[in-house]
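Letters A, B, ... mirror the listed sequences (proteins, then strands); counts begin at 1.
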There are 2 protein chains.
Amino acid sequence: MSDNQSLEGLLQLVHGLKRNLHEQIEQLQLDIAPMHVRVLKIISRKPQCTAVDIAGYLNRDKAQVTRLLSTLITQNLIEKRANPQDKRSQYLQLTAAGQAIMDQVRGLDANIYRKMTQDISAKELQDFEQIAQKMNSNLSS
Amino acid sequence: MSDNQSLEGLLQLVHGLKRNLHEQIEQLQLDIAPMHVRVLKIISRKPQCTAVDIAGYLNRDKAQVTRLLSTLITQNLIEKRANPQDKRSQYLQLTAAGQAIMDQVRGLDANIYRKMTQDISAKELQDFEQIAQKMNSNLSS
DNA sequence: TCATTTGATTGACAATGTCAACTATATTCT
DNA sequence: AGAATATAGTTGACATTGTCAATCAAATGA
C-alpha cells in the first residue's frame, strides 16, 4: 500500500502541474491548442527537429503530427527547411512569431516552477531531479 | 536553464511512466480505454464516490464523466447505489467484474513501480515522495 | 537492380473533451 | 413557507485529438 501511495503522490503532482500549465496557457489567449504549444516547445528545444522526432517524442501517430504542423504553418508560427541529408524530410523551425509565443510560454513555465519549488532547497531539488532521472531510465530499460 | 531542465526531467519521467502504464494496460486486452481504467481506479479508492468526485479528480467536464460511467455500467463493471443523503446523486461502486479488472491493473502498477524504483533506496523514495507532495501543495495554493 | 524501409501526407473514422441547455433535488435567504 | 440560487446528473451538438490504412517519394541494403 505504501508503495502504491508513492506512485500516487507522483501522479497527483503531475496532475496538478498539468492543470497549472494548462490554465496559464489559456490565460495567454493565444488561439492555439495545448498540443500545439507542446509541439512548439519541442521544436524550440531541438535543433534540426523533424516530424518524426516530434511523433517519437510525443509518442503519437505521425498523421496527427502532420496535421499539428500544418496548422502551425498556416498560423505562421513555424516553417520548414529542406533537409540536405534527406529529401523526404524537412527541418522545422520557429518563425519570429513562434519564437515570441515561446518566450511567453517559457515565462509562464518559469513562474510555475518558481511557485512549485518555492520552499525547496537546491540540494533537495537536485536529489529529486536525480531520482526522477533514475526512475526514468529504469522504466525505459 | 537548469531550472527548466528540472521541470523537464519530471515531465519526461511522467511521460515514460504513462507510456508504460498504457502499454501494460493494452496487454491485458481488456476492451476498455485507459480513461475508463482511471475512473475504475478512482472509484475503487474512494468509498462513496460520486460522479462529481470523478469530474473533480480528473478535472474533466461532467458530461464526459456521465458518458464514461454509462459505458462502464453497460459493461457491468460498476453500479450505482442510491445516496440516502441526496436524491440527486448516486454512489458508485465496482461490481465483481470491475473488481477483478482492478486487481489485474493493480498488479501491473505494482510491477511498473518495482521496475521504476528497483535501485532506489527506501529513504530516497521517501524523500522523493515528500518533495512531490510539497510541490503539489505549493501548486495548489 | 529490386526489395525493403523510412519520412511525410491524406482520407476516413474513433475516441475524448467541451459547451449549453435542462431536470430534479438541495440549500439559502428572507 | 416560498422564492431565488446552487448542485448532481443527463443529453445533444459540436470541437479537438488520436488512430488506421493507403499512398508517394526518397533512402537503404542485399
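Comparing K62(A) and N59(A), the nucleotide of DNA chain D nearest to each residue sits closer to the 5' end for N59(A). Where V65(B) and V52(A) each meet DNA chain C at their nearest nucleotide, the meeting point lying more 5' is that of V52(A).
Taking only side-chain nitrogens and oxygens, R60(A) comes nearer than 4.0 Å to OP1 or OP2 of dG18(D). At least one side-chain nitrogen or oxygen of K80(B) sits closer than 4.0 Å to the OP1 or OP2 atom of dT10(D).
Note: CG (N83(B)) to C1' (dA24(C)) measures 14 Å, nearest angstrom. Protein atom CG of D61(B) is 6 Å distant from nucleotide atom P of dT18(C), rounded to whole Å. Following rounding to the nearest Å, Q90(A) (CD) and dA25(D) (P) show an atom-to-atom distance of 15 Å. Distance NZ (K87(A)) to P (dA26(D)): 7 Å, rounded to an integer number of Å. Spacing between atom CD of Q64(A) and atom P of dG7(C) amounts to 18 Å, rounded to whole angstrom units. Put simply, CD1 on I78(B) is 11 Å from P on dG9(D), counting in whole angstrom units. Protein atom CD of Q85(B) is 15 Å distant from nucleotide atom C1' of dT27(C), rounded to whole Å. Atoms CG (D86(A)) and P (dA25(D)) sit 15 Å apart, rounded to a whole Å.
With no hydrogens or angles considered, no side-chain donor-acceptor pair links Q126(A) and Q130(A) at under 3.5 Å. Q93(A) and R81(A) are linked by a side-chain donor-acceptor pair at a separation below 3.5 angstrom, with hydrogens and angles left out of the test.
Side-chain atoms of R67(A) stay outside donor-acceptor range of the base of dG18(D), with no qualifying N/O pair under 3.5 Å.
Annotation: ring pair (Phe, Tyr, Trp, His ring centres under 6.0 Å) contacts involving residues 81-111 of chain B, sequence neighbours excluded, are absent. Applying the salt bridge (Lys or Arg N to Asp or Glu O under 4.0 Å) test to every pair with at least one member in residues 84-103 of chain B, sequence neighbours left out, gives these pairs: D86(B)-R88(B).
T50(A) comes within 4.0 angstrom of sugar-phosphate atoms only, judged by non-hydrogen atoms across all strands, and of no base. Among the protein residues, S89(B) comes within range of the sugar-phosphate backbone only, with heavy atoms under 4.0 Å from sugar or phosphate atoms but none that close to a base.
Candidate nucleotides dT25(C), dG9(D), dT16(C) were compared by shortest atom distance to the side chain of R88(B), and dT25(C) ranks first. Side chain of A63(B), nearest nucleotide from dT19(D), dT16(C), dA20(C): dA20(C).
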Candidate pair D53(B) and I42(B), rule side-chain contact (heavy atoms from CB on, under 4.5 Å), full reasoning | CA-CA 9 Å; D53(B) 293 330; I42(B) 295 171; 5.7 Å; no

